[in-house]
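These numbers come from the heavy atoms of this one structure, side chains and all, not from hydrogens, waters or symmetry mates. Owing to the predicted nature of the structure, the values given are computational and were not obtained by experimental measurement. Residue numbers start from 1 in every chain, and the chains themselves are labelled A, B, ... in the order their sequence lines are given, proteins ahead of strands.
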There are 2 protein chains.
Amino acid sequence: MATIERGELLSKQVEEALRERMRQGCFSPGEQLPPENDLAATFGVSRATVRAALANLQREGTVVRRQGAGTYVTHAAAYLDSRLEGMWDCEDMIRARGCEPSVGWLEYEECLPDEQTRRKLRLQPAENVLVVRKVFLADGQPVIHCADFIPRALIGKSFTRDDLAKNVFAFLEEFAGERATYYVAELAPTVADGSMAQRLGCSSGTPLLLFDEVAYNIKDRPISCSLLHHRREGVLFRVVQSRP
Amino acid sequence: MATIERGELLSKQVEEALRERMRQGCFSPGEQLPPENDLAATFGVSRATVRAALANLQREGTVVRRQGAGTYVTHAAAYLDSRLEGMWDCEDMIRARGCEPSVGWLEYEECLPDEQTRRKLRLQPAENVLVVRKVFLADGQPVIHCADFIPRALIGKSFTRDDLAKNVFAFLEEFAGERATYYVAELAPTVADGSMAQRLGCSSGTPLLLFDEVAYNIKDRPISCSLLHHRREGVLFRVVQSRP
DNA sequence: TAGTGGTCTAGACCACAAA
DNA sequence: TTGTGGTCTAGACCACTAG
């Protein structure tokens, strides 16, 4: 029943097989999973491979494990789509809520960054940045205001306005040959000011969730920073914490 | 130089040893770490053990790894204290920002929960909850308003007002014999209304970050839920995302 | 005491990146 | 081509929980 094949990652296949069974209700929330040795025998893989799969499920909160007691299914599996973890793209976030994403407005300019941006990107005083501002719509309703700042010097190829509608990380890979390996985001609550309210189609004073992010390449060099303002109705952020 | 001993978790010791060297500047941000085989030989452990240690460092964003290229130190190690991950306690959050935590105000009551709370805790219609409301201070300044909801039936021992000043998870372990194994939190921006503003010593309309949390025990039963309102100045939440 | 998950080893092979 | 990290195995022993 496992249909585990060589080729794909074995642990990923085991993980997906377990996930699928949970979706089908074969294992229900609160129930205990078979022991690792049984699973290893069932799938025809080593116990270490099963453990890798279970570790992934545990990290995302789908199962809870306790030494001596067993592995139990949680009902958190239902929340998997709205996780804060692994979010790299505004349009994916919107899709995760079951809406159709689009870009409703876009403008860009090349200019000298303000002091804070300059420091975040570790730029020399006279270095320019490309600033891209957009509003993302979910089923036609504005939900996210995004401002991306990219060091001008990184951009090696010429681009068009359409290229800027892409995710900043995709843009960086294509036009700067830079890959973001990690980012650091700071979360803060804020309220919409006049221009933000106008662009997001809400009234001034509406609460917004601000993500202040800086992305780095493998060499730990900052390659972009972004300010993302999320409307409360637009995106739901969930955090699942589990402990041993 | 490693001083790895039997007894403690080997992988934890390796992890700490590497962390310590990074703190001492022995490995600086942007630098490459020695290959896994070298580290294994240096510490006198197997490569799998080294990999477990590196996986932990990678997950928290302290290092970035790429197949074929190597393992690199990031500068994100400096942010380790303000992580959203692993936050289970308001006072710890406040300490993480270098402030002294205290409880500035506390009130509690036993009552019937509203419909939303009842559903979150999966309670029968007539079941009571213990509601505890407190305000946490950071160096004397109010920063977090916390409301905890605990099913009354879970509480087996009698308690005093002082017991309620504790972390809800510590309270549950002591007075209900229940351990929280994971929680699900939803983040949302909001603004202070009249009473909230008064308790938090801010003006009405001040932006706040709301955590709407539900905690579960190992059997996937909800054992408490909480509404946490954070002032922007009070707590800094950072999220570090890394990708393979 | 039996059975569970947690840790560790030694070795193998593969995929990928850089010189 | 060389060296890196990524995956997988088979087996061992330990720590904890429950009956």
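- Every residue two or more places apart in sequence or in another chain that forms a side-chain contact (heavy atoms from CB on, under 4.5 Å) with A/N217 is listed here: A/E178, A/K219, A/R221, A/I223.
- Rounding to whole angstrom units, CZ of residue B/R51 and C1' of C/dT7 are separated by 16 Å.
- Evaluation of the salt bridge (charged side-chain N to carboxylate O under 4.0 Å, His left out) test over residues 146-161 of chain A, restricted to residues two or more places apart or in two chains, returns A/E110-A/R152.
- Ion pairing between a basic and an acidic side chain is recognised when a charged N comes within 4.0 Å of a carboxylate O; A/E16 and A/K12 show no such pairing.
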When you compare the protein's N or O atoms with those of nucleotides 15-19 of chain D, which come within less than 3.5 Å of each other, and at what distance?
from	atom 1	to	atom 2	distance (Å)
D/dA15	N3	A/Q67	OE1	3.2
D/dC16	O4'	A/Q67	OE1	2.7

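- A/Y216 and A/Y182 have parallel rings, their planes meeting at less than 30° on a 0 to 90° scale where 60° marks the start of perpendicular.
- Nucleotide D/dC14 holds its C1' atom 11 Å from the CG atom of B/L9, rounded to whole Å.
- Applying the side-chain contact (heavy atoms from CB on, under 4.5 Å) test to A/P35 and every residue at least two apart in sequence or in another chain returns A/D38.
- As a whole-Å value, the separation of B/L54 CG from D/dG6 P is 9 Å.
- Between C/dC8 and B/S11, a contact under 4.0 Å exists linking OP1 or OP2 to a side-chain N or O.
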Quiz item: How does DNA chain D look in dot-bracket form if you count Watson-Crick and G-U pairs under 3.5 Å, write [ ] for pairs that cross, and put | where a base pairs with another strand?
Solution: ||||||||||||||||||.

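- Between A/Y183 and A/F169, the angle of the ring planes stays under 30°, which puts this pair in the parallel group of the 30/60° scheme.
- In this structure, A/D92 and A/N167 have side chains that are not in contact, with every pair of non-hydrogen atoms separated by 4.5 Å or more.
- Residue A/F43 contributes atom CZ, which lies 18 Å from atom C1' of D/dT9 at whole-angstrom precision.
- Atom CG of B/N37 is separated from atom C1' of D/dT2 by 13 Å (rounded to the nearest Å).
- Looking at residues two or more places apart in sequence or on another chain, you find a side-chain contact (heavy atoms from CB on, under 4.5 Å) between B/C225 and B/T117, B/K120, B/L121, B/F149, B/V214.
- For B/T49, a side-chain nitrogen or oxygen approaches OP1 or OP2 of C/dT9 to under 4.0 Å.
- Between B/R47 and B/A52, the residue anchored nearer the 5' end of DNA chain C, judged by the nucleotide with its closest heavy atom, is B/A52.
- A 4.5 Å side-chain heavy-atom check between B/V168 and B/V132 finds every atom pair outside the cut-off.
- As a whole-Å value, the separation of A/L33 CG from C/dG3 C1' is 16 Å.
- Residue A/T71 places at least one side-chain N or O under 4.0 Å from the OP1 or OP2 atom of C/dG5.
- Going from atom CD of A/E36 over to atom C1' of C/dG6 covers 8 Å, rounded to whole Å.
- Atom CG in B/L39 sits roughly 14 Å away from atom C1' in D/dG3 (whole-Å rounding).
- Out of C/dT9, D/dG6, D/dT4, the shortest distance to the side chain of B/P35 is found at D/dT4.
- Between D/dG6 and B/R65, a contact under 4.0 Å exists linking OP1 or OP2 to a side-chain N or O.
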